[in-house]
Structures are given as structure tokens and as C-alpha cells.
Amino acid sequence: MRTTNRQGTALLAIAILALIVRLIYLIQFSDNPAFNLFIHDSALFNHLAQRIQIHGLIQDHAFYIAPLYPYFLALVQTLFNDSLLALRIIQSLLGIGTALCVFKLGEKTMNRTTGFIAAIVAATYAPFLFFESQFLGTSLVTFLITASITLLVYVKYSKTGILFAFASGFLFSLAVTGRPNLILVAPVIPAYFILKKPLTSLNIKYTGITLLGLLIPMALTSVHNYLSERDPSPLTTHGGINFYIGNHENADGTWLAPEGFEASVSSINLEESKRIAEEKSGTSLSPGQVSEFWTREAFMFIIHHPFQWFGLMGKKFLLFWSSFEIPLNFDYHFYSRFSWYLRIPFFNLIFIMPFAIVGLLLNLPHVKKYWLLYSIIGLGCLSIIMFFVSGRYRIPLMPFLILMAASGMVAVWNIIHQREKRRYVWPGLLILLFVVGTVSAHSFVRQSNPANDYYNLSLAHINNENYEQAITWARRAIDADSSYVNAYYNLGIALMRTQQYEKAMDAFQNVIERSPNDAGGHRNIGALYLVAKEYQTGLQHLEKAVQLEPQNINALINLGLAHYYLGHKDKAMNAWQAVLDIDPDNEQAKNNIRALRRSIFQ
């Protein structure tokens, strides 16, 4: 009874601490103008979530991104009327749940002291808080994988072990539908029972039950892809392009748009990967075939440049173990300016990673005892470096690295209190790792390009109708990266809203110079030429915009106006009727058609 009370007190203390730091962080970070912004991957997730709400569970296309978070978003938005606050509260609760799972997992795989220290670290770990406030699904996947492994180690302690075994496999499979690279870690789940000695019939039964749990969510994604597009892709159709991004001649180990691609996550995942694959293959390709094409391209690079590829893999391995949160969509270090909590070293990887490495090294003699943690970390590392490294992709593995870090902290503390000379070895190694981690982190910070984050802020200010600030941040993005097409686009939009039409025209001209098939650039240039009453030139750009985006209502409305002013009344009517075919309730199109009919009658 006393043990149970102590355990309950420890869990309560962890939960309260985790709640307090999350409240502090959310209050601080709410000053960030991009706080409620869906952009890059989060915009793709939100778009699919809205389609799910409108069209139901089965979509009309195979999953091009990991489907777990869009369905989670759709559920939360439906239940809480699109409240972003409710979404953040739920994601914060998932973070608290992760910390509690870390305690229980550490208690069973190591000891209670190590588990408690690890839980304190997990409860206060700043990157967890950062990603819990983002709309990327990272906190959901992290909780699912941690809960899955926790249930796994508790199977033999539970009277309902069969249920725990099934839930462990099911939750891990759900995590894979949110972070597909984790499929490389999935064999650990059934292996936990099949490798036990002696191999009993009960362990075989547990293995089968976990396999069943693993099968269901992943199988459902394949069924969905087949029903929607007759494409039996097992998870998503963007695995091939992501594999290629991490494994091509100019790859640097992080997310870097290959030569010839627009540097946009959504563009590469959707239009660009398909367009370029079809151009190179000379035939029309299904989404699954596009993924297969880029997978083959990556393997061709590996086969023809094996030494370069091995060097690239070595670089990615070092990046994985660095103390730097490698950016993808959002730069953690850039956004730390909005929260002093994110800047505290003790709550960041620069403090945790050296202890994790020490813990991994010190526990090597007991690798059989801790094989589960070593397997998850090792296979998880491989699952990332096979593609490309980012701090966001590493987050789901952090609960297990934190457990190793807590073990390293305990070991270093014990060594310091010994009287042999060797007590200086591990503290010395730890100090060395701190120095190396600090230097490498600062080196990465100096090399990182803040253009993407300046762009995010400019977009946030446009959404908030604070156009002067939007102009300032868009120009800073351009100063940081003069090839950044989206920054020019944001600048043009903000300048248009402030009626600085000539400057806006220059900005959009820069867009189409760098990206000739940018529909938004042509659409807005066309609109600006209408304002300048240069209708023929405007018509050319609007026709190009409609060719690129046939369903864009604004482009069709303005195309009709250009035709009208040029006296092409039939073509104007056709353009506005096309709007009504897309949106039968569009008042602007209805009014224009009525005015056109009156002018024809007169």
C-alpha cells in the first residue's frame, strides 16, 4: 500500500509540474504572431482535415501525407467547433501523458529513481512544449509510441495481458500512420515476446496478438488508398520523394529541395514530384508510381555513388546525435525569441544529449537487459537517417533517449561519489560532450537560414491585416534568401493591400521570373494590370493563371472582367458561368452576369 501511495504521489507531482510549465509556455508563446498559423505541413494537414469533415472518411485520392494527424484534427475540430485553443490543450495533455508514460516505462525497464528523473526531464523538455503548440502531429505520435512501449513492458504484470499486447501493437501502428518512417521500428513489438527465453505458448500468443494490433491501422490505410484511387500504397504516396530528398547527389542530410524543384514542402509533396517524374519518364503516373519513380532514382544514386552515399549517411548519423534542433518548417531556435523558456539550456537537447550518450555507453555491458531501449533508439535513428534528419522527426524517439539520459545522470552521480580515480573519466567525457555539443549547435545556428521563419511571420501579419509588419518581414526574408519565391509573393500581397501597386507589380514579377508556372503570381499580375487598365496584358496573365488553376474563382472573375473590358462579352459570360459551376452561390459572378445581360440588352 505504501509503495502504491508513493507511486501515486510521484505521478501526481509529475503531472502538476508538466501542467505548470505548459501553462507558462503557452502564455509566453501566444505573443508570437504565427501562433495560430497553418503553414507548410500543418496547412496540408488542415486542408485534408477539412476535406475529411466535408467528404467523410474515404477521400477521393490516396494519402499523399501521413493520415493520422488530419483525422485527429478533423475529430477535434468537429467536437470543439474548430477551436485552436482546445486543440492545443489536448496536445498539451498528450505531452503530460508522455511524461507519465516515461516514468512507468523507466520504472520497469530500469528502476524507479531513473524513471522519476526521466519523467521530470520529459515533463520540462522545451522541444516537447514547442511541438505541442504546433499543428504538426508530433506530440500525438510521441505519446502513441511511448504509450505503446509502456503497455508492452506491462503485459506480464497485467491480468489483462492480451488486451495490453493488442493495444501496444495498435497504438504503435497508429504512430506509424502519423510518422511512416517508424515502420522500421515496428518489429521490436512482436520481437519483445518471441525473443523471450524460454519461448512459451503464452509468448507466442502475445506475439500474434501484437501483430494483429500492428496490422489493423496500417492495413486500413492501404484499403483506403485502394478504394479511393485503386492505388494499394501501404501508407502514403510521398515516401519515394522523401527518400529521394535525403538520398541524391546534392543532398546535405537535411530537408533540401532537389535541383529543379520549388523549395516548398507542399509543392514537392503534391504537384512538383508528379510533374517532374512524368516529364522524366515520359508517361502519366499514378501517385504510387510517382513514389516508386523517386525511390528508384534514389537507389540509382546509391548504386552509382556508393562512397558518396556512405559519407552522406555518416553525416546524417552525426546530425542525429547533434545538440541542434534541425529545422523543418519551423526553426526552433528562431522561435525561442518569443519564449525565454525555450532558451534555458537545462530544458534543451544541449543538456540532455551528452547525458544520453553517456547513458548509452555506460549501459553497453548490460545491453541484453536494456535491448528494448537500444533497439528502439538504434532502429529509430536508422529510420530517420535513411531519409533526412530534422529535430521534429527525432522528437518521437526522445522519451527513450531521455530514459538513457536519466540513466547517465544517475551513473555520473554515483561515479562522482566513488573514491577511485576513474570517477573523473565520465564527468570529463560529459564536459567534453557539452563543449562539442555547444560548439556544433552554435555552428548550425550561424549556418541556418532564417528566411523561412521571416516568411512565416510575414504571412502571420498578413492574416492579422498588419500589412506594414508583413512588408518588413517579407523583405527580411528576401534579404536572407533572394531566391525565396514565397517571400516575394507575400510582399506583393501586402503591398497590394496597402495600394502600393507598382511595388506590388515588381514583387509579383519576381515571383514568375523565379517560378514561371506560379499561378498566384500570374493571377495577381493580371489583377494589377486590370487596375492599370492595361486589359490585354492582364488578360494574358489571367489566362495563364486559369490554365494553371482552372478552379480558382478569383482568377476566373478577373478573367471575365478582362474579356468584358476588351469587348469579348461571350467570353466574359463563359468565365463567370464557370465560377457558378464551381460555386453556385457566388454573388460576384451573379452580379457580373446580370450587369452583362443588361448591357447586351441595352
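With sequence neighbours left out, F170 forms a ring-ring contact (aromatic ring centres under 6.0 Å, His included) with F166. For R51, the salt bridge (Lys or Arg N to Asp or Glu O under 4.0 Å) test picks out D60, with sequence neighbours left out. Residues forming a ring-ring contact (aromatic ring centres under 6.0 Å, His included) with F116 (at least two apart in sequence, or on another chain): none. Partners of Y69 under the ring-ring contact (aromatic ring centres under 6.0 Å, His included) rule, at least two apart in sequence or in another chain, are F45, F72.
Looking only at side-chain heavy atoms (C-beta outward), T254 and L319 come within less than 4.5 Å of each other. Looking at heavy atoms from C-beta onward, R394 lies out of side-chain contact with I326 at the 4.5 angstrom threshold. Using a 4.5 Å cut-off on side-chain heavy atoms (C-beta onward), Y206 and I194 make no contact. Contact check for F400 versus L105: side-chain heavy atoms found under the 4.5 Å cut-off. With contacts defined as side-chain heavy-atom distances shorter than 4.5 Å, the pair P127/E325 qualifies. You'll find the side chain of I402 reaches within 4.5 Å of the side chain of F128, heavy atoms only. Inter-residue side-chain proximity for D41 and I65 is flagged as unmet; no heavy-atom pair is nearer than 4.5 Å. A heavy-atom distance below 4.5 Å is found between the side chains of N46 and Q77.
Here the side chain of T210 pairs no donor or acceptor atom with the backbone of A165 at under 3.5 angstrom. One N or O on the side chain of N247 and one on the backbone of M386 form a donor-acceptor pair closer than 3.5 Å. A donor-acceptor contact shorter than 3.5 Å is absent between the side chain of S168 and the backbone of F164. Not a single donor-acceptor pair under 3.5 Å links the side chain of H224 to the backbone N or O of I58. Between the side chain of T98 and the backbone N or O of L94 there is at least one donor-acceptor pair closer than 3.5 Å. In this structure, K104 contributes its side chain and T150 its backbone to no donor-acceptor pair below 3.5 Å. Here the side chain of R179 pairs no donor or acceptor atom with the backbone of Y393 at under 3.5 angstrom.
Shown here for S148 and I189, the closest heavy-atom pair between the two residues is OG-CD1, 3.8 Å. When all heavy atoms are compared, the tightest approach of P399 to T142 is CG-CG2, 3.8 Å. Taking all atoms of both residues into account, the shortest heavy-atom contact from A66 to G178 is CB-O, 3.4 Å. A pairwise comparison of heavy atoms in P190 and L211 identifies CG-CD2, 3.8 Å as the closest pair. Among all heavy-atom pairs drawn from G239 and F387, the shortest one is O-CE2, 3.8 Å. Across Y125 and M398, no two heavy atoms sit closer than the pair OH-CE, 3.6 Å.
Here the CG atom belonging to L403 is positioned 6.0 Å from the CG atom belonging to L373, to the nearest 0.5 angstrom. Distance check, rounded to the nearest 0.5 Å: CZ of F130 to OH of Y335 gives 7.0 Å. For the atom pair CG (D331) and CZ (F324), the distance works out to 5.5 Å, reported to the nearest 0.5 Å. Expressed to the nearest 0.5 Å, how far CG of L227 lies from CG of L57 amounts to 12.0 Å. From F80, atom CZ reaches atom CD1 of I89 across 8.5 Å, with rounding to the nearest 0.5 Å. To the nearest 0.5 angstrom, S92 atom OG is 8.0 Å from L23 atom CG.
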**Request:** Test side-chain contact (heavy atoms from CB on, under 4.5 Å) on T146 and V102 and set out the steps.
**Result:** CA-CA 7 Å; T146 312; V102 165; 4.1 Å; yes

**Message:** Before you tell me yes or no, could you show the steps for T114 and N111 under side-chain hydrogen bond (donor to acceptor under 3.5 Å, both in side chains), namely the whole-Å CA-CA distance, both residues' side-chain angles and the distance that decides it to 0.1 Å?
**Reply:** CA-CA 6 Å; T114 301; N111 56 68; 3.0 Å; yes

**Intermediate values then yes/no, side-chain contact (heavy atoms from CB on, under 4.5 Å), V155 and Y192** = CA-CA 11 Å; V155 166; Y192 182 76; 5.8 Å; no

**Asked** What do the steps show when you test W255 against V389 for side-chain contact (heavy atoms from CB on, under 4.5 Å), and what is the final call?
**Response** CA-CA 7 Å; W255 191 95; V389 184; over 6 Å; no

**Item:** side-chain contact (heavy atoms from CB on, under 4.5 Å) evaluation trace for I14 with L17
**Value:** CA-CA 5 Å; I14 293 164; L17 176 63; 5.9 Å; no

If you look only at distance, which donor and acceptor atoms sit under 3.5 Å apart when one is on a side chain in residues 117-124 and the other is two or more places apart or in another chain?
unit_1: T124; atom_1: OG1; unit_2: I120; atom_2: O; d: 2.9
unit_1: T124; atom_1: OG1; unit_2: V121; atom_2: O; d: 3.3

Only pairs under 3.5 Å count here: list side-chain donor-acceptor contacts from residues 347-371, not counting sequence neighbours, and write none if there are none.
unit_1: N348; atom_1: OD1; unit_2: Y332; atom_2: OH; d: 2.5
unit_1: N348; atom_1: ND2; unit_2: L342; atom_2: O; d: 2.8
unit_1: N348; atom_1: ND2; unit_2: I344; atom_2: O; d: 2.8
unit_1: N363; atom_1: ND2; unit_2: G359; atom_2: O; d: 2.9
unit_1: N363; atom_1: ND2; unit_2: S407; atom_2: OG; d: 2.9

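Cation-pi geometry between R392 and F131 is not met: the NZ or CZ atom fails to fall both under 6.0 Å from the ring centre and inside 45° of the normal.
Using the six-membered ring where Trp is involved, Y454 and F334 have ring planes that are perpendicular, over 60° apart on the 30 and 60° scheme.
Between Y154 and E107, the side chains place a donor N or O and an acceptor N or O closer than 3.5 Å (distance only, hydrogens not considered). In this structure, a donor-acceptor pair under 3.5 Å is absent between the side chains of N81 and S83. For the residue pair Q91 / S133, no side-chain donor-acceptor distance below 3.5 Å is found, with atom types taken as modelled.
Note on E132 versus R22: salt bridge recorded, some NZ/NE/NH1/NH2 to OD/OE distance being below 4.0 Å.
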